[in-house]
Amino acid sequence: FRMHILGAERQTTPQIERWLDPSGPFRLIARGGFSAATATRATLPLFLNTHWHPRDIALSYERPANLFALAKRNGFQTYIYSVQRRHILMLGGLELVDSIRTVDERWPEYERRRDDLLIDDLAGVPKGERRIVFLHQHVNHTPYRDHCRHAPETSVFTAAGTGLDEQREAEYDNGLLCYDRNLAEIFEYFASQPGAVYVFVTADHNDLTGEFGKWGHLSIHVANAWVPMLLFTNRPDGPIAHAFRDTALMTHFQLARLVARALGFDVIDPNARPDTFFVSSSGGFGRDGYLEVHAEQDPDTFDVIKRTGRDQ
């Protein structure tokens with residue numbers, strides 16, 4: 001809700017917006033969409049295993065559409081670089097990944113440099129044309145003010161009033177400037193790589209700053225699933241970019257299908273409906289409840305049904 005590139009008033013994404021210019025070989029395509037869950041540990045297995053329905057748990061254990069499994073089948077080298085904990089990636093297909101680095105083995109470095117560690121990781125990726133790199137940032141989680149203490153130039157916004165809510169909003173927006181700074185460096189790296197390049201960017205959940213009377217991201221509300229969906233590519237007029245633009249309702253399921261398509265596969269769930277998506281609670285796989293969301297004919301209008309973990 002607070003990213004300028006998606007319509008927010010404050011300029012929170014100045015660096016990545018320069019890639020919106022259609023004149024260069026690389027172009028950034030930006031839109032919003034919906035995550036698979038409201039917490040990181042719940043979202044990642046659903047996204048990485050191309051889930052449409054969160055209760056279809058077998059997909060995360062048998063992994064017929066796991067993105068790393070598909071990549072290996074087509075001869076890709078696989079990499080995970082994360083500044084979050086390794087256990088969050090459980091059921092994501094870690095055994096299929098050639099190189100993994102998480103925050104667990106480099107906490108002191110993370111304390112000093114935060115998400116900038118991912119830029120160092122990219123610099124060490126072996127050269128090659130068939131690579132899939134999964135980067136997992138930590139910005140913009142609370143406490144928002146901590147992400148760029150080493151880069152004070154991102155501390156731009158101040159509280160509009162004297163209340164705690166206004167202070168939180170300013171810190172959140174400064175956190176987005178930190179996110180913008182990190183993402184711009186990631187784009188710079190990939191803009192120097194050969195061949196067809198597709199950088200899919202999303203978030204595992206939203207973090208609300210008072211919208212709908214809620215703060216943070218653990219409440220099971222569809223607004224907690226509203227996230228950025230970005231595609232940075234040197235094939236902006238190709239079929240994948242067109243599908244990214246033209247998909248009426250962009251969700252993590254649809255985004256994962258596009259990643260699979262870039263890897264050479266068409267993932268089809270015969271039960272999936274293009275006007276329906278699901279948002280799992282923080283417990284994972286909808287075990288303690290999930291939302292079934294239907295898009296209405298009127299734009300930005302949804303029918304939301306709360307389901308229990310017993311529902312299929």
Side-chain angles (χ1 to χ4, degrees), residues 35-51 57 59-61 63 66-72 76-126 128 131-151 154 171 175-176 178-179 181-183 185-186 189-190 199-207 216-218 224 227 252 256 259 280-285 287-288:
S35 64
T38 62
T40 305
R41 64 181 179 180
T43 294
L44 288 183
L46 298 177
F47 173 69
L48 291 172
N49 291 295
T50 322
H51 277 254
I57 300 175
L59 284 176
S60 281
Y61 285 91
R63 299 173 186 161
N66 177 274
L67 296 178
F68 296 117
L70 297 179
K72 296 304 289 183
F76 283 76
Q77 295 296 302
T78 53
Y79 304 88
I80 290 178
Y81 299 118
S82 171
V83 286
Q84 297 202 43
R85 298 288 191 182
R86 181 181 290 250
H87 71 84
I88 292 173
L89 292 159
M90 289 177 60
L91 299 179
L94 297 186
E95 73 280 4
L96 301 166
V97 178
D98 296 310
S99 177
I100 303 174
R101 296 197 75 191
T102 67
V103 76
D104 299 84
E105 61 265 20
R106 48 182 177 169
W107 185 260
E109 297 172 78
Y110 173 72
E111 285 283 274
R112 292 192 302 273
R113 303 195 59 236
R114 299 286 168 163
D115 287 30
D116 285 356
L117 288 180
L118 298 176
I119 310 304
D120 297 342
D121 292 331
L122 284 175
V125 175
R131 301 172 295 168
I132 178 171
V133 183
F134 181 84
L135 299 174
H136 194 193
Q137 298 160 295
H138 191 259
V139 63
N140 194 22
H141 283 82
T142 185
Y144 313 119
R145 63 180 177 272
D146 286 351
H147 294 294
C148 267
R149 288 190 184 277
H150 63 295
T154 63
E171 290 178 356
L176 286 178
C178 184
Y179 171 74
R181 172 183 176 273
N182 186 251
L183 197 54
E185 292 191 57
I186 290 171
Y189 167 83
F190 283 107
V199 182
F200 298 93
V201 181
T202 188
D204 36 24
H205 53 76
N206 198 348
D207 237 36
H217 65 270
L218 292 180
N224 268 325
V227 294
H252 272 178
V259 175
S280 176
S281 59
S282 60
F285 301 110
R287 285 173 294 198
D288 52 352

Polar side-chain atom of R287 near backbone of G283 as donor-acceptor pair, under 3.5 Å: yes
R41 side chain to S282 backbone, donor-acceptor under 3.5 Å: yes
Non-hydrogen atoms of H150 and D116 that approach each other most closely: NE2-OD2, 2.9 Å
Sequence-distant partners of H138, ring-ring contact (aromatic ring centres under 6.0 Å, His included), two or more places apart: H141, H147
Residue pair V133 / Y81, side-chain heavy-atom distance below 4.5 Å: yes
Smallest separation among heavy atoms of L118 and N182, with atom names: CD1-OD1, 4.4 Å
Expected output: side-chain N66 to main-chain G92 donor-acceptor under 3.5 Å: yes
Heavy-atom side-chain contact between F285 and L91 under 4.5 Å: yes
Value rounded to 0.5 Å, distance of CG in L89 from CD1 in I100: 7.5 Å
Between CD on residue E111 and CG on residue D146, distance to nearest 0.5 Å: 8.5 Å
S60 side-chain N/O to I57 backbone N/O, donor-acceptor pair under 3.5 Å: no
Side-chain heavy atoms of N49 within contact of Y61, under 4.5 Å: no
Interatomic distance, I132 atom CD1 to L67 atom CG [nearest 0.5 angstrom]: 6.0 Å
Shortest non-hydrogen contact from T142 toward Y144: N-CE2, 3.4 Å
Least distance between heavy atoms, V227 atom then S35 atom: CG2-N, 3.8 Å
Considering all heavy atoms, the nearest F47-A256 contact: O-CB, 3.5 Å
R63 (side chain) donor-acceptor with L59 (main chain) under 3.5 angstrom: no
L46 and S280, any side-chain heavy atoms less than 4.5 Å apart: yes
Non-neighbouring partners of R131 that pass salt bridge (charged side-chain N to carboxylate O under 4.0 Å, His left out), sequence neighbours left out: none
Stepwise side chain to side chain contact (heavy atoms under 4.5 Å, CB included) check, C148 with R181: CA-CA 9 Å; C148 267; R181 172 183 176 273; 4.3 Å; yes
Euclidean distance, N140 CG relative to C178 SG, rounded to 0.5 Å: 7.5 Å
Residues which pass salt bridge (charged side-chain N to carboxylate O under 4.0 Å, His left out) with R101, listed by chain and number, not counting sequence neighbours: D121
For the student: nearest non-hydrogen atoms of T102 and E105, plus distance: N-OE2, 2.9 Å
Qualifying residues under side-chain hydrogen bond (donor to acceptor under 3.5 Å, both in side chains), relative to D115, sequence neighbours excluded: none
Gap between atom CZ of R106 and atom CZ of R113 - 0.5 Å precision: 10.0 Å
Option from N224, D207, D204, T40 for which side-chain hydrogen bond (donor to acceptor under 3.5 Å, both in side chains) with H217 holds: D207
From CA spacing to verdict: side chain to side chain contact (heavy atoms under 4.5 Å, CB included), R85, V103: CA-CA 6 Å; R85 298 288 191 182; V103 76; 3.9 Å; yes
Partner residues of D98 under the side chain to side chain contact (heavy atoms under 4.5 Å, CB included) criterion, sequence neighbours left out: K72, Q77, T78
Value rounded to 0.5 Å, distance of CD1 in I119 from OH in Y189: 10.5 Å
Parallel, tilted or perpendicular: rings of H136 and F134 (30°, 60°): tilted
Summary of ring pair (Phe, Tyr, Trp, His ring centres under 6.0 Å) pairs that have at least one residue in residues 91-124, sequence neighbours excluded: W107-Y110
Any side-chain donor near an acceptor of the partner, H252 and T43, under 3.5 Å: no
